[in-house]
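Just so it is clear: chains get the letters A, B, ... in the order the sequence lines come, proteins before strands, and each one is counted from 1. Heavy atoms only: backbone and side chains are in, while hydrogens, waters and symmetry mates are out.
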Amino acid sequence: MKILSLAKKEAFDILNNRIYLLVVFVQIFIVLGAFGLAVVSSIATDPDLMDQFQVNSEFKVGLSDEFKNSSLTSYLKDENLNLIYFDSSQEAAAKVGSEIIAAVDLTTARENISVQIDTTSVFYPVVSQKINLALNNYNKAVKLQKSGLNETEIKKVENPIQISEVKVNENDKADVALDNPYFVEIMYGFIVPFILLLPFFLASNIVTDSIVGERERKTFEVLLMTPLTSFMVVLGKIIPILSFSLIQSVAWIILLNFLRVPIYNSLLLFILLFFIGLGFIGIGVILSMLVDSTKEANSAITLVLVFATFILFVPLFVTIPYLDVILNIIPTVLIVKIASSPYINPELLLEFIPTILLSLIIFSVAVKYFKHERTIRL
Amino acid sequence: MRFMVITKWEFKNTLSSKKFLTIFFLQVSVLILMIIFFNSFMGSIEPGKNVALTPSLSGFASMDVVDNENLFRGQLNPDILKIERLNYSTAFNRFNNNKSTGLLLVPSDAFEKIDRQETLNLTLLINYNDPKRSVIKSEVETTSQALSSIITNQWIKEISSENITQPSVEQKEQGEPLPLQIISKVMTAILLFLPLFLFGNMVIDSIVGEKERKTAEILVAMPISHTNIILGKSLAVILTIAVQVFLWMVILLGAGFDIRNAFLVYIVVILTSIPIIGITSIIAAYSKNYKEAGIGISFVYIGVVGYLVVPALAYLSGSVRAASISPMTLVMRLFSGESINTTELLIPIIIIVIVSLLSYIITIQLFKRDDVVFGPRPGIIHLIFEFTGIISLIRFLKGKFV
């Protein structure tokens with residue numbers, strides 16, 4: 001009950017902190033902004049989606065006037081490229097990077113195709129894919145034309161591999177905002193863990209503010225004199241912060257589901273986030289014991305969070321085969337695996353152990369430091 | 001020049017603080033970590049391959065392949081797929097028990113079929129309940145297209161008696177790919193500008209600290225003007241930033257970063273720090289305590305970072321003229337060795353001068369006001385109305401008509 005009284009007081013303090021509430025509110029925009037960015041970048045790199053959204057007027061490809069009615073042009077048109085004709089191929093090539101993204105030229109003997117492309121354009125990946133596809137089809141057609149094969153043979157040779165797709169669980173399919181590989185990879189592989197951990201980055205700030213603030217306001221000694229053990233004081237301080245952070249993470253999970261980014265295994269995620277939060281807040285408590293003022297606490301927590309960001313997010317972008325065992329137990333990697341899979345392998349739960357152990361160690365160290373501080377102060 | 005006394009005093013205090021030095025060296029270690037990450041990332045990029053800023057999670061999506069002759073399995077991308085080569089019944093059981101998202105069945109006599117010029121019929125089972133289905137489908141399609149092209153060429157060669165030649169394709173790429181530019185140029189620029197945002201706390205401590213420690217009264221009672229106090233304190237922080245940026249540039253150059261026009265780059269970065277410290281000073285002058293100021297600069301810095309980074313990204317993506325407004329664009333162009341005309345050079349410099357003047361004037365005006373420094377503090381809207389003369393206008397109109 002004593003812990004609850006302290007926790008209630010802390011919760012009241014947090015809820016009365018208008019700046020904290022503002023920061024919570026700002027996170028909604030961060031979530032929506034990150035989602036929007038993922039959608040835009042996915043569309044920008046997917047030729048089919050670009051065609052769907054009819055932005056192909058930007059895919060400007062230059063050709064010489066002499067190829068206006070050539071078969072090459074029709075293959076380029078089939079890919080929905082915006083063909084712009086110039087008096088000569090040289091003129092088209094000169095405009096690459098300014099008026100057009102690429103220029104395609106065919107030698108008069110029709111033996112060589114040259115493509116000049118501006119890789120700095122945002123549409124480079126899509127335009128490059130479309131041109132390659134058009135040229136492959138053109139080349140195949142030329143080859144088949146020269147081979148003297150009959151129509152049936154051509155049909156067979158053109159498509160040597162046929163894939164029959166069997167859609168299992170189609171009626172119960174995951175409703176994803178964009179059924180696109182880049183979107184799925186960037187959303188689950190980076191944005192989801194980033195969004196879910198945002199509240200805990202904020203939590204470590206709040207905990208330092210709460211403890212260092214008590215010291216600055218000279219109320220810390222009064223708190224230490226209450227009939228509460230160090231463990232109870234630390235617990236009373238962190239329960240509301242951890243609860244608010246977890247509530248925020250749950251809210252972002254709901255928001256992501258609403259945005260059609262289904263998040264799976266919410267309960268497991270909640271447990272994992274609980275221990276990650278405990279670790280973050282524990283670090284905040286330890287730092288609060290080491291610094292003398294809010295200013296120092298702010299500097300120290302900023303640095304710690306930079307390190308934490310580094311450790312948590314860099315593994316998502318690097319592949320180091322001989323470090324796979326370590327990378328697999330990084331909490332963000334676990335979040336990716338849990339959040340993106342409707343069914344998970346129970347063995348994955350073993351990979352939770354290092355996170356749980358580390359968090360408990362950090363929390364124990366925090367309580368120990370707090371006891372030490374108490375001994376000094378009282 | 002009386003502000004130099006304050007500058008000297010603040011600067012000496014900063015450099016003699018052990019905690020500041022610890023943080024200073026921790027920042028350097030963060031920089032070194034970033035350099036290691038940057039270099040390993042750049043080193044992992046294979047020349048001629050497309051660079052994409054996507055997470056590289058090994059085994060992100062799982063797929064089983066029943067492919068006795070190993071036609072497909074070796075071609076699938078192992079970076080993103082966790083591929084298991086299994087027999088039919090094990091693979092089917094795994095798929096049915098939701099242990100894999102996809103199952104690709106390749107005929108057991110695939111090579112014989114290719115030799116007999118028969119179409120290869122593959123079956124791809126995809127669990128649509130899994131959002132990673134598109135990753136599986138895309139990888140299988142890409143591999144299938146590549147293999148199809150090889151098989152088609154082989155068959156045409158076998159069927160046709162003639163030696164068929166097809167047009168050769170030569171692709172010339174101009175410019176550095178956008179993701180690579182973002183990584184190399186923007187990352188370098190961010191590393192150069194990062195110290196500018198690490199010393200906000202120093203400004204806060206220097207101004208808000210005086211209020212919290214109740215030493216502001218003594219300070220304003222000293223025979224030194226409010227202008228000199230603000231300029232002196234700000235200059236001390238700018239000097240600290242100058243030392244930090246110098247050190248970081250030495251480390252970056254030592255780590256092999258290609259920074260051309262290093263001196264000019266250094267000057268522009270330091271010049272940019274002046275308005276940033278000015279804006280931070282406004283927040284510090286208005287804030288009641290560290291907490292308020294800390295949150296305030298977090299929000300304002302988001303805007304400042306946006307102003308610096310967004311035009312720089314716009315510049316990379318399409319040489320937008322408006323991109324010149326950002327000093328980061330200027331720095332990027334300087335260290336890339338691009339030629340810059342006078343207008344492009346003057347635009348960010350003029351913006352720096354205007355914002356600096358405005359921010360320091362506002363800070364000094366705020367610091368001169370007892371109600372802002374000692375309270376009761378007026379609201380922001382009230383102050384804006386006062387600074388823009390709206391309150392005087394209202395009073396004038398009231399006096400005239402009421």
A:Leu135 portion near chain B, given a 4.5 angstrom heavy-atom threshold: side chain
Segment of A:Val184 engaging chain B (4.5 angstrom heavy-atom cut-off): both
Under a 3.5 Å cutoff, is there a donor and acceptor pairing between the side chains of A:Tyr75 and A:Asn136? no
Largest heavy-atom contact set with chain B, pairs under 4.5 Å, which of A:Phe307, A:Phe310, A:Phe183, A:Tyr264: A:Phe310
Please classify the contact between B:Ile126 and chain A as side chain, backbone, both or neither, with a heavy-atom cut-off of under 4.5 Å. both
Chain B heavy atoms under 4.5 Å from A:Val26: which part of the residue, side chain, backbone, both or neither? side chain
Close side-chain approach of B:Pro107 and B:Leu122, heavy atoms under 4.5 Å: yes
Where does the angle between the aromatic ring planes of B:Phe95 and B:Phe92 fall among parallel (under 30°), tilted (30 to 60°) and perpendicular (over 60°)? tilted
Ranking A:Ser114, A:Ala174, A:Ser341 by heavy-atom pairs under 4.5 Å to chain B gives rank one to A:Ala174
Sub-4.5 Å heavy-atom contacts with chain A: which residues of residues 142-150 of chain B show up? B:Ser144, B:Leu147, B:Ser148
Would you say the side-chain atoms of B:Trp155 pair up with the backbone N or O of B:Glu118, donor to acceptor, closer than 3.5 Å? no
Name all residues meeting the salt bridge (charged side-chain N to carboxylate O under 4.0 Å, His left out) criterion together with B:Lys113; count only those two or more places apart in sequence or in a different chain, and write none if there are none. none
Short question: side chain of A:Asn132, backbone of A:Ser128 - any donor-acceptor pair under 3.5 Å? yes
Looking only at heavy atoms and a cut-off of under 4.5 Å, which of A:Val261, A:Ile344, A:Val104, A:Asn180 has the most pairs with chain B? A:Asn180
Are any side-chain N or O atoms of A:Asn257 and backbone N or O atoms of A:Ile263, one a donor and one an acceptor, separated by less than 3.5 Å? yes
Within the supplied structure, the quantity of interest is the number of heavy atoms (other residues, nucleotides, ligands) at a distance under 6.0 Å from B:Asn97 CG; does it exceed 12? yes
Sub-3.5 Å donor-acceptor pair from the side chain of B:Lys132 to the main-chain atoms of A:Ser340, do we have one? yes
Side chain, backbone, both or neither: which part of A:Phe123 has an atom under 4.5 Å from a heavy atom of chain B? neither
Taking B:Arg133 for the side chain and A:Asp179 for the main chain, is one N or O donor matched with an acceptor at less than 3.5 Å? no
Ranking A:Pro160, A:Ala103, A:Ser164 by heavy-atom pairs under 4.5 Å to chain B gives rank one to A:Pro160
Using non-hydrogen atoms only, which part of A:Asn159 is less than 4.5 Å away from chain B: side chain, backbone, both, or neither? backbone
Side chain, backbone, both or neither: which part of A:Asn345 has a non-hydrogen atom closer than 4.5 Å to chain B? neither
Is it the backbone or the side chain of B:Lys99 that comes under 4.5 Å from a heavy atom of chain A, or both, or neither? neither
Donor-acceptor pair, distance only, cut-off 3.5 Å: does the side chain of A:Asn169 make one with the backbone of A:Asp172? no
Give, as side chain, backbone, both or neither, the part of B:Gln117 having an atom under 4.5 angstrom from any heavy atom of chain A. both
Please check if the side chain of B:Glu292 supplies one atom and the backbone of B:Lys288 the other of a donor-acceptor pair under 3.5 Å. yes
